[in-house]
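Notes follow the structure.
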Amino acid sequence: MKKITFAALLLLSFFGFSQSGSELWLSYTKIENSDHRTQLAAAINAIVLASDSERSQLAAQELQQALESLLDKKIPILQQAQPIPGSIFLNIKSNDTALGKDGFIILRKEGKQRIEAFNDLGLLYGVFAFARELQEIGAAPFEKREIPKVRYRMLNHWDNANGTVERGYAGASLWKWFELPYRLDPRYEQYARANAAIGINAVSLNNVNASSRFLTAEYLEKIKALADLFRPYGIQVFISVNFRSPRTLGGLTTSDPLDPDVRQWWKEKTAEIHRYIPDFGGFLVKANSEGEPGPQDYGRTHAEGANMLAAALENYPGIVIWRAFVYKADPNGDRFKEAYEQFKPLDGQFDEKVIVQVKNGPIDFMPREPFHPMFGAFKKTALAVEFQITQEYLGHSTHWVYLAPMFKECLDADTYATGKGATVGKVIDGSVYPTPISLMAGVANTGSDANFTGHPMAQSNWYAFGRLAWDHTLSAAQLAKEWTAISLSQKKEVIQKISSLMLNSHATYVNYTYPLGLHHMMGEGHHFGPQPWLDKSQRPDWTSTYYHRAAASGIGFDRTGKMSNALALYAPEVQNTWKDPQQCDLNYLLWFHHLPWDYPLSTGRMLWEELMHRYYQGVEEVEQMRLAWAQLEEEIEEETFNNVAARLQIQKREALWWRDSGYLYFKTFSNMPLPEGLTPPTRSLEEVKALEKIYHLR
Ligand code: GCW
């Protein structure tokens, strides 16, 4: 057994926060402010539970565990109908139907301490909110009534049966398929608790590039074991399905969604799944995209494919989540428009049990994208938004990028679908066009690493995603503070410093990778470092040169009509904000315009100069982050501190890689020198190109 030294123990008790980060946001570190702690300890003597369901017991135990470590005091649970003085009363309020199945009321004021909900899941959510509130505001009174805005708050795992994770950067899969159902890794429970604590209530376990294997009896047993474990925490399980399964598993000669045998096969499979998992969430489908099979293989539409699965689910509450991430190789087309063009004619044809899941932007999880033009354009189809929490295009797990500002940029974007204020968030939650289902999905960043997410700061992205899925009006700043306070430090100044680093980190990343609206210039395959030189000889429709269109004449993709008319997919008000390069938000400039290198910008600089300044500024900002973090050495638990400090060094090296490739490569078109004050790199373009091999990406 590994020995824990006395010094390490001392350190642990001093910081309280978990060393490896394995407790995520549930370390419930003792409240350091002794005034608050003593006041709270004096005010809280017991938990009174007025319900006896299994999940309410769980809620009471979770609260007990939280309070005991926050207050350093034993707190008994009493099972009785009436509160006693000094108790926290956990009560099911069956007359408050407006709370819905997940809502809750929490309060701690004027001698009352209560958590109330319409059912026991709401109670569990209320408990987590109560504990969070104590950690945030200490002994001050509070009162809250919360109802989630979105029905399904979901993680999509891209995990494979062989234990790998597509686009996963935190180790292997969390799911140990070889051991299931016999052994249940204790981390499954920690994962479930952490999700419940932020309101996540749905997970699809396997990659959307799906293996039919997940529908075999052998795998259904394994999935059942996870579903049983997640159920008390209110988490429903979904399966990503391969559309060709009737052929691969059922021995049929077709998977045509209109074929009676195929339809029967799915009906029977769905019934079988329910024998294992009675509250099965439903199917998640990637079809006719990137080589995956789908209804178009048989001349059928996405709607016909999705509706066939909906029919298989007709006697169950489950739903079909059909992804809109589709595109074909077409060097003359614009991938920006493809999903819209394929799905728009189908608006109104999808079954009520189907929701179409759309990525936040029209290309593919780029570090910054305009919101997807499908949002707001569909009146008769429920649309879900899919964010990527795992940092495929955002520096994997060596770059510190807090993603909430990026999520918010999309959620708060105005589609003008029904006039001003029809934000993407409101489209999703069904308040723009009422929909029977609402859903927000995030591609998970979890893995087998001790801290679940690889980069310690990446935990905040999972956290913020969950909280935003619950309430998309929360601010990125609030969530940064909240997460820091419960995960890293209780000191106000430290929380302030870290959350401000978090809030700037996305803009910084965009500066040194894709300034001014450049996009899709990453290395092929690994999607990590820069490869703006990747040209048509690889894939005509996909490569960097197709997207940045750099030439002696200028740079950028004109989508106002000259290279593509994609801008026309948006409402006129949205078009107006982007169509004039003089007015267009500089963050989106090269998404919509192709401009000469010497084009004068509102910043007073010409385009080339601005581009270079941003690249250089991005690197400078990483250096500032590194220095600011170094100042926190005394404040952060040692392992986490060192971990982040080391990753910031790597981030600096990689930011320089992006910057230098941008300058050295685009200079070959602009023929312009670096603006005054910026120091040219000492390496050549060829040397920069070779870094991909030196950094072991190929
Ligand atoms: O971003 C791309 C990824 C693929 C992924 C695909 C998708 C699961 O590079 O790895 O496949 O998107 O979202 O389907």
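All ligand and atom numbering here is 1-based and tracks the order in the structure.
Of all atoms in ligand 1, listed by their number and element, those nearer than 4.0 Å to a heavy atom of V208 are 8 (C). For ligand 1, the atoms closer than 4.0 angstrom to any heavy atom of H527 are 9 (O). Here is the list of ligand 1 atoms found below 4.0 Å of a heavy atom in R167: 3 (C), 4 (C), 9 (O), 10 (O). Close approach of ligand 1 to F325 (heavy-atom distance below 4.0 Å) involves ligand atoms 6 (C), 7 (C), 12 (O), 13 (O), 14 (O). Per-residue contacts place E392 under 4.0 angstrom from the following atoms of ligand 1 (heavy atoms of the residue considered): 1 (O), 2 (C), 3 (C), 9 (O). Residue contact check: D364 has heavy atoms under 4.0 Å from atoms 1 (O), 2 (C), 12 (O) of ligand 1. The contact set between ligand 1 and Y393, taken as ligand atoms under 4.0 Å from a residue heavy atom, comprises 1 (O), 9 (O).
Here H519 and F365 keep their ring centres 6.0 angstrom or further from each other. Checked against a 6.0 Å centroid threshold, the rings of F350 and W322 do not count as neighbours. Centroid-to-centroid, the aromatic rings of Y169 and H399 stay 6.0 Å apart or farther. Checked against the 6.0 Å centroid criterion, the rings of H593 and W578 do not qualify as a close aromatic pair. Ring pair F325/Y327: centre-to-centre distance below 6.0 Å. The ring of Y546 has its center closer than 6.0 angstrom to the ring center of F557.
For Y570, there are no side-chain hydrogen bond (donor to acceptor under 3.5 Å, both in side chains) partners two or more places apart in sequence or in a different chain. Every residue two or more places apart in sequence or in another chain that forms a ring-ring contact (aromatic ring centres under 6.0 Å, His included) with H548 is listed here: Y665, F666.
When the options E290, M366, R323 are ranked by their closest heavy atom to atom 13 (O) of ligand 1, first place goes to R323.
For atom 12 (O) of ligand 1, the closest heavy atom belonging to the protein is K359 NZ, 3.0 Å. Scanning the protein heavy atoms around atom 14 (O) of ligand 1, the nearest turns out to be K286 NZ, 2.6 Å. Among protein heavy atoms, atom 8 (C) of ligand 1 sits closest to N209 ND2, 3.3 Å. Scanning all protein heavy atoms for the shortest distance to atom 10 (O) of ligand 1 gives E166 OE2, 2.4 Å.
Below 30°, between 30° and 60°, or above 60°: for F528 and H396 the angle between ring planes is between 30° and 60°, a tilted geometry.
Taking any N or O of N207, backbone or side chain, none lies under 3.5 Å from an N or O belonging to ligand 1.
Residue contacts with ligand 1, taken as heavy atom pairs separated by less than 4.0 Å, do not involve Q388 at all.
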